[in-house]
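Worth saying up front: this structure is predicted, and the values here are computed from it rather than measured.
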Amino acid sequence: MEKNRASIMVSSTLLFFLFFSTCDAIWLTLPGSSGTKCVSEEIQHNVVVLADYAVLPVEAYHPTISVKVSSPYGNTLHHNENATVGNFAFTTQESGNYLACFWVAHNPSGADVNMNLDWKIGVAAKDWDSVARKDKIEGVELELRKLEGSVEAIHENLIYLRGREAEMRAVSEVTNSRVAWFSIMSLGICIAVSVLQLWHLKRYFQKKKLI
């Protein structure tokens, strides 16, 4: 009974870790003649980001690509020209959308170019092999350590989302207040204009001796 319970807990732990780990490997098809494809990710500050990219080999020709990674404020974090493989790593300094753009630098055939991008963030980007060797842990204990890191990352992300929600709520309240004052001012102006029009028409009719 205890063994079954332990195995269920370990399985749940592994499933939880796999579900919440942030690691995306994607395929991109870049236009051979012109055009750029970008991948963006909203990341909070002080998060480690690792990525590897590679152009899929073609027998007849050897296309190369250019890569540029930018921070939310437009700072260039990585730039590479005429590459077939490469990688970049950085720790985020501000929260927001980080952008990685790819385009074909050299392609004699003009055909589309396929590439692979392995994008790792946070817990997924951590070198767990080094952690295991340093702390002399393995097996279930290592997976539990990974789970602990995932939980911490989720907790920090929830705090970040709560802060963003509070900011959006404050902006919404300020906007609603301004819209309400604008509506009141517009109504007041309309009433004032209507009164002035009635006054003007009354004087006009009085001068014409129509009333």
Colleague: Just verifying a value: how many Å separate S66 OG and K68 NZ, rounded to the nearest 0.5 Å?
Modeller: 11.0 Å
Colleague: Mind checking the CD1-OG1 spacing from I65 to T36? Nearest 0.5 Å is all I need.
Modeller: 11.5 Å
Colleague: Mark yes or no for whether S177, through its side chain, and E173, through its backbone, hold a donor-acceptor pair below 3.5 Å.
Modeller: no
Colleague: Looking only at heavy atoms, what is the nearest atom pair of V113 and P63, with distance?
Modeller: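 Scanning both residues completely, I find the closest heavy atoms to be CG2-CB, 3.7 Å.
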Colleague: Should I121 and V48 count as side-chain neighbours, where that means a heavy-atom distance under 4.5 Å?
Modeller: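 Contact flag for I121/V48 side chains = no.
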Colleague: Between atom OG of S194 and atom CD1 of I189, what is the distance when rounded to the nearest 0.5 Å?
Modeller: 11.5 Å
Colleague: Is any side-chain heavy atom of T92 closer than 4.5 Å to one of V49?
Modeller: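 Yes - at least one pair of side-chain heavy atoms lies under 4.5 Å apart.
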Colleague: Go through W27 and M115 one step at a time and tell me if the side-chain contact (heavy atoms from CB on, under 4.5 Å) criterion holds.
Modeller: CA-CA 6 Å; W27 298 84; M115 63 164 293; over 6 Å; no
Colleague: Answer with yes or no whether the hydrophobic clustering places L187 together with V195; edges join I, L, V, M, F, W, Y residues whose side-chain heavy atoms lie under 4.5 Å apart.
Modeller: yes
Colleague: Could you check whether the rings of F102 and Y53 sit parallel, tilted or perpendicular, using 30° and 60° as the cut-offs?
Modeller: perpendicular
Colleague: Assess, by modelled atom type and distance only, whether the side chains of Q93 and S71 contain a donor and an acceptor separated by less than 3.5 Å.
Modeller: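 There is no such pair (donor and acceptor under 3.5 Å, judged by atom type) between the side chains of Q93 and S71.
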Colleague: When you look at N97 and E41, which way does the side-chain contact (heavy atoms from CB on, under 4.5 Å) test go after all the steps?
Modeller: CA-CA 5 Å; N97 282 319; E41 183 80 18; over 6 Å; no
Colleague: Do I26 and L30 belong together in a cluster built from hydrophobic side chains that touch within less than 4.5 Å?
Modeller: yes
Colleague: One pair to check against side-chain contact (heavy atoms from CB on, under 4.5 Å): N80 and H78. What are the steps and the verdict?
Modeller: CA-CA 7 Å; N80 196 5; H78 175 75; 3.8 Å; yes
Colleague: Are any of the side-chain heavy atoms of V67 and H79 separated by less than 4.5 Å?
Modeller: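 A side-chain contact under 4.5 Å is absent here.
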Colleague: Looking at every heavy atom in both E94 and P72, which two are closest together, and how far apart are they?
Modeller: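 Scanning both residues, the minimum pair turns out to be OE2-CD, 3.5 Å.
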Colleague: Will you find, in the side chains of T29 and D112, an N or O donor that is under 3.5 Å from an N or O acceptor?
Modeller: no
Colleague: Measure the spacing between CG of L56 and CG of N116 and express it to the nearest 0.5 Å.
Modeller: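 With rounding to 0.5 Å, CG (L56) is 6.5 Å from CG (N116).
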Colleague: To the nearest 0.5 angstrom, please state how far the CD atom of Q206 sits from the CG atom of L201.
Modeller: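 Interatomic distance, Q206 CD to L201 CG, rounded to 0.5 Å: 11.0 Å.
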Colleague: Could you state the interatomic distance from OH (Y98) to CG (L77), rounded to the nearest 0.5 Å?
Modeller: 7.0 Å
Colleague: Hydrophobic clusters here meaning ILVMFWY residues chained together by side-chain heavy-atom distances under 4.5 Å, can you tell me if V55 and F88 are in one?
Modeller: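 Same cluster.
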Colleague: Please test L117 against V39 for side-chain contact (heavy atoms from CB on, under 4.5 Å), starting from the C-alpha separation and ending with a verdict.
Modeller: CA-CA 10 Å; L117 173 64; V39 177; 4.1 Å; yes
Colleague: Is a salt bridge present between R162 and E167, judged by a nitrogen-to-oxygen distance below 4.0 Å?
Modeller: no
Colleague: Within the 4.5 Å heavy-atom criterion, are R178 and T175 side-chain neighbours or not?
Modeller: no
Colleague: Judged by atom type as modelled, is there a donor-acceptor pair below 3.5 Å linking the side chain of T91 to the main-chain atoms of N46?
Modeller: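 No, because the side chain of T91 does not come within donor-acceptor range (under 3.5 Å) of the backbone of N46.
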Colleague: Indicate the atoms forming the closest heavy-atom contact of A89 with L50, along with that distance.
Modeller: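 Shortest heavy-atom separation between A89 and L50 comes out as CB-CD2, 3.1 Å.
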Colleague: Side chains of Q197 and K202, heavy atoms from C-beta outward: is any pair under 4.5 Å?
Modeller: no
Colleague: Measuring only between side-chain heavy atoms, which start at C-beta, is V179 closer than 4.5 Å to S183?
Modeller: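 Yes - at least one pair of side-chain heavy atoms lies under 4.5 Å apart.
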Colleague: Looking at E165 and R169, does any basic side-chain N land under 4.0 Å from a carboxylate oxygen?
Modeller: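 Yes, charged N to carboxylate O under 4.0 Å.
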